[in-house]
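These notes are about the structure you will find just below.
This one's a predicted model, so the numbers in the text were calculated from it and none came from an experiment.
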Amino acid sequence: GLDVLAQEAQDLHVESLEDECNEEMMRRVSRSQDALTALCTDMIHVYICSAWTRTLAKSPQRWCQGAWHPREVRLLGLFHPLLAKPCPTDVTFHVGDTLVVTGAHAAGKSTLLRSVAAALFLQHVGCFVPCSVATLPRVGAVNVCLEHTDAEGTSTFHHHLLNIRRALDLGGITLID
């Protein structure tokens, strides 16, 4: 009898100590939450930069560190970063310009738009850009309208018009396929 009571008392004491330790640990973690979040964010950035550097080192195409320009988009030797055998091309336009890309079916129009969008995004997050020369503006938004899935009650044309209106209302650079 006494041995059982002594064991139960010891178990309760251990559980109480565990609860106190857990509470103290949570207090310390909550006081350090901002520092821990910043550390985790920095570690993620280091990992991404490391992976990106390994990817660039294996790439046969030339990547560059872009420069900022208030209005100009100038991408020389631009290529799609995910294609095995990309076809580099030059693209130059200014914010506010209308650029119309025409060509035969499967000629690469959508790939060109995706490449421009990728270059804009990569430059804005501080990565290298998939081209030999890049001059890009800082913009608040890159709006991309590339695909349409039929929505009940709207035509493809109506859907495109709604997307264009939304994109133009947002400002920035709009790419429409």
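Between atom NE2 of residue H69 and atom CZ of residue R138 there is a gap of 12.5 Å, rounded to the nearest 0.5 Å. R27 CZ to N22 CG: the interatomic distance, rounded to the nearest 0.5 Å, is 10.5 Å. T89 contributes atom OG1, which lies 7.5 Å from atom CG of L78 (distance to the nearest 0.5 angstrom). To the nearest 0.5 Å, atom CD of residue Q65 and atom CG of residue L122 are 12.5 Å apart. Between F128 atom CZ and R62 atom CZ the span is 10.5 Å, to the nearest 0.5 Å. Atom NE2 of H124 sits about 4.0 Å away from atom CH2 of W68, to the nearest 0.5 Å.
T92 has its side chain out of reach of D90: every pair of non-hydrogen atoms, C-beta onward, lies at least 4.5 Å apart.
Here the closest heavy-atom approach between residue Q123 and residue V129 is recorded as OE1-CG2, 3.5 Å. Between A119 and L136 the shortest heavy-atom distance is O-CD1, 3.7 Å. The shortest heavy-atom contact between C64 and A134 is SG-N, 3.5 Å. Of all non-hydrogen atoms in H80 and P86, the two that sit nearest each other are O-CB, 3.9 Å. Of all heavy-atom pairs spanning G77 and P88, the tightest one is O-CB, 3.7 Å. Of all heavy-atom pairs spanning P81 and W63, the tightest one is CB-CH2, 3.5 Å.
Cluster annotation: M25 and L36 are assigned to the same hydrophobic cluster (Ile/Leu/Val/Met/Phe/Trp/Tyr, side-chain heavy-atom contacts under 4.5 Å, transitive). With hydrophobic clusters built from ILVMFWY side chains whose heavy atoms lie under 4.5 angstrom apart, F93 does not share a cluster with V133. With hydrophobic clusters built from ILVMFWY side chains whose heavy atoms lie under 4.5 angstrom apart, L82 does not share a cluster with V116. Residues F121 and F79 are members of one and the same hydrophobic cluster, defined by side-chain heavy-atom contacts under 4.5 angstrom among Ile, Leu, Val, Met, Phe, Trp and Tyr.
Within a 6.0 Å radius of CG in D19, more than 12 heavy atoms belonging to other residues, nucleotides or ligands are found.
Between the side chain of R71 and the backbone N or O of V95 there is at least one donor-acceptor pair closer than 3.5 Å.
Legend: residues meeting side-chain hydrogen bond (donor to acceptor under 3.5 Å, both in side chains) with R28, ordered by chain and number and at least two apart, are E24.
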